[in-house]
Amino acid sequence: MPLFRSNEILGIAEEALVFALESSRDSHPNEYMGFLRGEPAGKLGLDRDGIVITDILVIPGTESNSVSATVKTSTVPNDRNAVGSVHSHPNGVLRPSDADLATFGQGDVHIIIGAPYERDSWKAFDRDGKPRPLDVLDVELPDAESFFDFTQADIDEELREQ
């Protein structure tokens, strides 16, 4: 096992982006909010170091309206694979507001999706609110059911990797 792993965000899985776009569309005219979770590229069959955004975590109890979405911080899981956030702007504006910038401190990438929630209706930003590139990657994601299929040996291996 290498001593250092790249934490560079390589991109977002196509399936994760489609989920975020559809969720944003379904939430309209209210904002949508979720958190981004990533997996090492090697676990997805890519021959590169870095992280691929694979999941959107939806937090129960998120409150939203047409101009904001609020998550109770006590309900956000402490997930070492968390890499940032995603939320929508029903007005279609693809730049962070002052309120957005105040929440961008956690994570390396933050996605804003704007109406009409089409394939080109989103942008990625770094924690300072500066636009950053984010490739959409066609990777095969593990079966969602396999998330719950683990053994003690899997847990021990995961702890050794930390």
Side-chain angles (χ1 to χ4, degrees), residues 7-41 43-46 50-150:
N7 288 333
E8 175 189 5
I9 307 294
L10 301 176
I12 184 169
E14 171 84 23
E15 286 181 47
L17 177 62
V18 167
F19 177 85
L21 290 167
E22 290 174 354
S23 297
S24 295
R25 189 178 305 114
D26 291 346
S27 295
H28 190 83
N30 294 329
E31 281 197 8
Y32 165 78
M33 183 166 193
F35 292 92
L36 304 173
R37 186 175 188 278
E39 291 291 337
K43 284 188 172 181
L44 302 171
L46 297 177
I51 303 294
V52 175
I53 298 166
T54 55
D55 300 290
I56 311 295
L57 300 177
V58 180
I59 309 301
T62 300
E63 295 179 11
S64 67
N65 57 47
S66 62
V67 294
S68 70
T70 306
V71 174
K72 294 177 186 166
T73 55
S74 63
T75 63
V76 177
N78 184 10
D79 186 343
R80 69 182 183 90
N81 292 333
V83 296
S85 66
V86 58
H87 76 279
S88 67
H89 283 177
N91 63 8
V93 174
L94 294 179
R95 67 177 177 272
S97 67
D98 290 341
D100 294 338
L101 292 173
T103 65
F104 279 9
Q106 300 296 320
D108 294 324
V109 64
H110 303 276
I111 298 173
I112 296 177
I113 300 171
Y117 316 110
E118 299 296 329
R119 178 63 180 215
D120 61 350
S121 303
W122 66 279
K123 282 189 180 178
F125 301 88
D126 66 17
R127 66 181 59 209
D128 297 319
K130 294 182 177 83
R132 60 153 294 167
L134 188 66
D135 292 335
V136 178
L137 304 173
D138 186 18
V139 294
E140 188 160 334
L141 299 180
D143 180 19
E145 295 298 318
S146 69
F147 177 80
F148 297 103
D149 186 22
F150 56 88

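Keep in mind it's a predicted model, so treat the numbers as computed, not measured.
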Inset, instruction - Go through the steps for Val52 and Lys43 under the test side-chain contact (heavy atoms from CB on, under 4.5 Å), then give the verdict. - result: CA-CA 10 Å; Val52 175; Lys43 284 188 172 181; over 6 Å; no

Inset, instruction - Just do the side-chain contact (heavy atoms from CB on, under 4.5 Å) check on Ile53 and Val86 with the steps written out, would you? - result: CA-CA 11 Å; Ile53 298 166; Val86 58; over 6 Å; no

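If you take CG on Leu21 and CG on Asp26, they are separated by 11.0 Å, rounding to the nearest 0.5 Å. Here CG of Leu44 is found 6.5 Å from OG1 of Thr54. Values are rounded to the nearest 0.5 Å. Rounding to the nearest 0.5 Å places CD1 of Ile12 at 5.0 Å from CG of Leu17.
Across all non-hydrogen atoms, the minimal contact from Ser88 to Asn30 is OG-O, 4.0 Å. The two residues Ser24 and Tyr117 come nearest to each other via the heavy atoms CB-CD2, 3.6 Å. Closest of all the heavy-atom pairs between Ala16 and Ile56 is O-CG1, 3.8 Å. Annotation for Ala13 and Val139: closest pair CB-CG2, 3.8 Å, computed over non-hydrogen atoms. The two residues Leu10 and Ala41 come nearest to each other via the heavy atoms CD1-CB, 3.6 Å.
Partners of Ser85 under the side chain to side chain donor-acceptor pair (under 3.5 Å) rule, at least two apart in sequence or in another chain, are His110. For Pro116, the side chain to side chain contact (heavy atoms under 4.5 Å, CB included) test picks out Glu118, Ser121, with sequence neighbours left out. Take Glu15 and apply the side chain to side chain donor-acceptor pair (under 3.5 Å) test, not counting sequence neighbours, and it matches no residue.
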Donor-acceptor contacts under 3.5 Å from residues 93-103 side chains, at least two apart:
| unit_1 | atom_1 | unit_2 | atom_2 | d |
| --- | --- | --- | --- | --- |
| Ser97 | OG | Ala99 | N | 3.4 |
| Ser97 | OG | Asp100 | N | 3.1 |
| Ser97 | OG | Asp100 | OD1 | 3.4 |
| Ser97 | OG | Asp100 | OD2 | 3.3 |
| Asp100 | OD1 | His87 | NE2 | 3.0 |
| Asp100 | OD2 | His87 | NE2 | 3.3 |
| Asp100 | OD2 | His89 | NE2 | 3.0 |
| Asp100 | OD2 | Ser97 | N | 2.9 |
| Thr103 | OG1 | Asp100 | O | 2.8 |

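In this structure, Arg25 and Ile113 have side chains that are not in contact, with every pair of non-hydrogen atoms separated by 4.5 Å or more.
Applying the side chain to side chain donor-acceptor pair (under 3.5 Å) test to pairs two or more places apart or on separate chains, those with a residue in residues 122-141 are Asp108-Arg127.
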